[in-house]
Every structure is written in C-alpha cells, then in structure tokens.
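The structure appears right after this line, and notes come after that.
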2 protein chains.
Amino acid sequence: MEQLTARQGEILGFIRAFIDRHGYPPTVREIGRHFRIQSSSVFDHLEALKRKGHLEKQGFKPRALRIRDDRGVEGPVTYSEEESVLVPIVGRVAAGLPILAEENIEERVPLPQRLVRHKNSFLLRVQGDSMTGSGILDGDHVIVRPQAWANHGDIVVVRMEDEATVKKLDMSRDKIFLVPTNPAYKPMPAKPNTLILGKVVGLIRGY
Amino acid sequence: MEQLTARQGEILGFIRAFIDRHGYPPTVREIGRHFRIQSSSVFDHLEALKRKGHLEKQGFKPRALRIRDDRGVEGPVTYSEEESVLVPIVGRVAAGLPILAEENIEERVPLPQRLVRHKNSFLLRVQGDSMTGSGILDGDHVIVRPQAWANHGDIVVVRMEDEATVKKLDMSRDKIFLVPTNPAYKPMPAKPNTLILGKVVGLIRGY
DNA sequence: TTGACAACCTAACATATGTTAGGTATCCTA
DNA sequence: TAGGATACCTAACATATGTTAGGTTGTCAA
C-alpha cells in the first residue's frame, strides 16, 4: 500500500469520521467545504487516494466512496489480521428494558470483527431444538444484529412476553408466521405484541 | 415502532443489504431499478419509512439515508473480560505436511478462550452438507482440537487423500465407520490410510 | 359508502453533483 | 536545471439527483 501525504491522510480521516457520524460518505463538495478548498481540488485528492489503493470510487456517482485501507496484509501471516469486538451475551430479557440494558447482560465475549459487522450486535443463547432444521441447536449462541424489521425468510429473534426466541419469518401468507424449522414443531402466527429484536447473522457453538 | 407493510419491509431490507455490500446507501432510483418501480414511488416508500421511524433522510441530498431501527439498543461501553486466542484457518491439506504447517494456513482469527481451550486448535471450513444432522452446514467453520485418536460418537476431522472431511465416528461395530449425519449419505468404513486429524470442539457460522 | 391509505404511475423541475480543462505556485529530486 | 509530484485555483458542463404535482387502482375499516 503506497504511502500517503499528510494532506491525503487528513482527507481520508475526514471521510472516515464523516461516515462514522452520518452513516454515508460525504460528497466532493462537502469535503471541500470542510477544508475550504474547491471541489476540483478535492477531486484530485480522491483520485490520488484511489490510485494509492486507500479508496474505492464509483465514477460519476455521488457519495460513492468506500475506504479500502482496512484490508489485511497479504502473504503468510503470523500475527492477528483482525481485531476482536466485545459482544455482550444477553440472558433474561426483562420486559420494558431495552435489550442491551446492563440488567440483561450476563457477560461479554471477544469475537472476530468479520462475524460482528454491526454496532450493538449481541449474543443470545438458544433454548430448545425448534430450529434444528437450520442447523441451530439447543445451547448454541446466535449473533444478533438489532433491527426492528426483517424480511421473509430471515431468521430472527423475537420477544414474546419475557422470552427471546429464535424463529424463521414467513411473510408469504396473509399473516406473519414464526416458523420453527424443526418439523416436529408447528408454525405460529405472530401476535400483535410480538417484537422483532434483531436478525440472526451468525452462530457459535462449543462442544 | 410503527408496523411496516410487506413492501416497506422489502425496501428497508434492500437498503440495508446495499449499504452492507457497497459501503454507502443507494439512491432513490437505484432502489427503483431493483424493484422495477419509478423513483417517485420509491420516494413515497422512503417517506413512509421515515414517518414510521425506521429511516433517517436528509432532504434533497443524494444517498443521504440512514437506517434507524436499531435504536433503543444503545450498548454500554464494553470492557475486556476475556482474552482472545489466535486460531489459524486451515485451507488445503497438503499431503505429507503436518496439518498446522504454515503452508496450510490461510489466516488467523481471534476467538474467545472458552471456545478454544487447547493449544494448536485450528479452524476448518466445512464443505458439503453431509453433517447437517448435527447442525453443521456447508460453509461453517469447525474448531478442531488436534488429536490422533477419538472415541465413539465424537465428531472428528479425518484426512482421506488430500482432503480433510468432517464425520461422526461409529466404533460400535467390528469395523470403524465414518458416519455422515445427513441421512441422504451412507456411512463408509474407515480405510487403513484414513487419518484422524482432530476432534471437533466448536463451530462458527456467519450468515 | 365513504375515506384513508398503500402502491404504483407520468411528467416535469431546480440543482447539487462528479467531472473536465487549463492554470499557478511550491517543493523535492535527478 | 529540468521534471515531476503536490496542492491548490477559476470556470464551465452534462446529468443524475431528490422532489413535486397530479393522477389511477385496490384494499380495508368505520
């Protein structure tokens, strides 16, 4: 990866911070406004960053920037390429409290970043064998990305009463069904008070 | 959080996936292209998603979208409770070489100690669906503790020719059998040259 | 049976956008 | 001492962009 100049480093840092704060990259002119330089000057910097491999850039599209300096080092590696993220294990899900309230958290476990690509993800211990059809066994821990809505076919964590349970979403019919993928169980229609806590994005098992 | 319609859920899901894949949100028309609807129709959907609190939207700015249905799960600051261990991912298993030879190692991933309680453990990517009966799916990574011998009922990694494969050990009969727990496959007797590389002690999956 | 809402449409508008062209000044290196 | 890279500039261009206005159709609860 080619060396950056001080200015190029500033620009890259600004883009990174902007994405952190807003959730989307800045436009050329937004960068320029911050540094009090013209858009064409920013353009030059972006081209340099692209040429040096630190930035991906989709021609002519606004905000189509992606920082690429997080790739690992090539070749045989004898050290960690990857950082760990501390992910909380959620136990009981007390009603009324947000899922990640300290009261619900039992402990925290370091996981590789690739498995936990989103902020506020958490681990939930699976109880029962209702999802064995999807390779989710009793005692497994699922990695959950919090989101209040999910789509047909997603494996989700829903809260019913005081319990968090893992099910597959079936939205193909008139009502929403929570489907256990173990054929020994029957799909149940979602009640009005069922709450989607998040989508299952990973799984961890220890034998 | 107000209820979404099926269509609104699809749109929200597309935006989420797009950000995941590209690093920046889609434009109104990019969403429309995917669903084969007009930009003005997409606009309506985005307004609905904003009104219902699932989306933030900066007026008139392209791609200025931010998904907000993960609120209420603000996590407290995380601190370290557990150390990570660097575990190598083994790719091809070159014949003649020890399984943990540098030539076999693709990369290293940090895992929580509780999952990897033994030295020289490694990760192996599972190919095929022969172990779905044990909740081990195609593409999963199993954590393997190296050992040359295992017991009846253990799930093990064996080397046959140049390939490492995951099977269940059946030693209840006169011969040793390698059992795929997917009933669609048949148990095979162990050949004299089959080598036990280790025992499966854990599993990791990313969706 | 009315009214609200959802889900789409066509057509048009103003403009913020990435980009290009051509220029100046400074610095470092061959 | 020439050349190249860096870091900026002004001016202009084509267009992809979010948005608005004004529809149609169907569904569903009051």
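Chain letters run A, B, ... following the sequence lines, proteins first, then strands; residues in each count from 1.
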[atom1] of [X] versus [atom2] of [N]: gap in Å, rounded?
X: A/R33; N: D/dC9; atom1: CZ; atom2: P; answer: 14 Å
X: B/F35; N: C/dC8; atom1: CZ; atom2: C1'; answer: 14 Å
X: B/R63; N: D/dA16; atom1: CZ; atom2: P; answer: 12 Å
X: A/F60; N: C/dT17; atom1: CZ; atom2: P; answer: 15 Å
X: A/K50; N: C/dT19; atom1: NZ; atom2: P; answer: 8 Å
X: B/R7; N: C/dC8; atom1: CZ; atom2: C1'; answer: 9 Å
X: B/K61; N: C/dT17; atom1: NZ; atom2: C1'; answer: 13 Å

Of A/K168, A/K191, A/M160, the residue whose pairing with A/L178 passes side-chain contact (heavy atoms from CB on, under 4.5 Å):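 The side-chain contact (heavy atoms from CB on, under 4.5 Å) with A/L178 is passed solely by A/M160 among A/K168, A/K191, A/M160.
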
Less than 4.0 angstrom between a side-chain N/O of [X] and OP1 or OP2 of [N], yes or no?
X: B/K57; N: D/dT19; answer: yes
X: B/K52; N: C/dA6; answer: yes
X: A/Q38; N: D/dA11; answer: no

Spacing of CD belonging to A/Q147 relative to CG belonging to A/N120, to within rounding of 0.5 Å: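 It comes to 12.5 Å.
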
Check: [Y] main-chain N/O paired with [X] side-chain donor or acceptor under 3.5 Å:
X: A/R63; Y: B/P62; result: yes
X: A/N182; Y: A/A184; result: yes
X: B/R205; Y: A/G135; result: yes
X: A/R36; Y: A/R33; result: no
X: A/H152; Y: A/M171; result: yes
X: A/S134; Y: A/T181; result: no

ring-ring contact (aromatic ring centres under 6.0 Å, His included) partners of B/F177, counting only residues at least two apart: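 ring-ring contact (aromatic ring centres under 6.0 Å, His included) check on B/F177 returns nothing, list empty.
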
Closest listed nucleotide, where the reference is the side chain of B/Q8 and the choices are D/dC9, C/dA7, C/dC8: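 So the side chain of B/Q8 is nearest to C/dA7.
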
Over all atoms of both residues, closest heavy-atom pair of B/Q8 and B/A48: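 Residues B/Q8 and B/A48, closest heavy atoms: NE2-CB, 3.5 Å.
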
Considering all heavy atoms, the nearest A/A148-B/H54 contact: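 That would be CB-CE1, 4.0 Å.
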
Donor-acceptor pair under 3.5 Å, A/S40 side chain vs D/dT10 base: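 Indeed, a donor on one side and an acceptor on the other fall under 3.5 Å apart.
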
Contacting residues from residues 41-48 of chain A, given that a heavy atom lies under 4.0 angstrom of DNA chain D: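 Of all residues in residues 41-48 of chain A, the ones placing a heavy atom under 4.0 Å from DNA chain D are A/S41, A/D44, A/H45.
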
Stretch residues 12-32 of chain B: residues that reach within less than 4.0 Å of DNA chain D through a heavy atom: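 B/T27, B/V28, B/R29, in order of number.
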
Lys/Arg-Asp/Glu bridge criterion (N-O < 4.0 Å) met for A/R145, B/D20: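 A salt bridge links A/R145 with B/D20.
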
Close N or O pairs between protein and nucleotides 24-30 of chain D (under 3.5 Å):
none

Test side chain to side chain donor-acceptor pair (under 3.5 Å) applied to A/K50 - qualifying residues, sequence neighbours left out: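 Partners of A/K50 under the side chain to side chain donor-acceptor pair (under 3.5 Å) test: none.
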
B/F18 and B/H22 aromatic ring geometry - parallel, tilted or perpendicular at 30°/60° bounds: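 Aromatic pair B/H22/B/F18 classed parallel.
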
Axial bend angle, the helix from C/dT1-D/dA30 to C/dT29-D/dA2: five-pair end segments, nearest 10°: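 Taking the rotation axis at each end, their angle is 40°.
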
Position toward the 5' end of DNA chain C (nearest nucleotide), B/S39 or A/A64: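 On the 5' side of the pair lies B/S39.
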
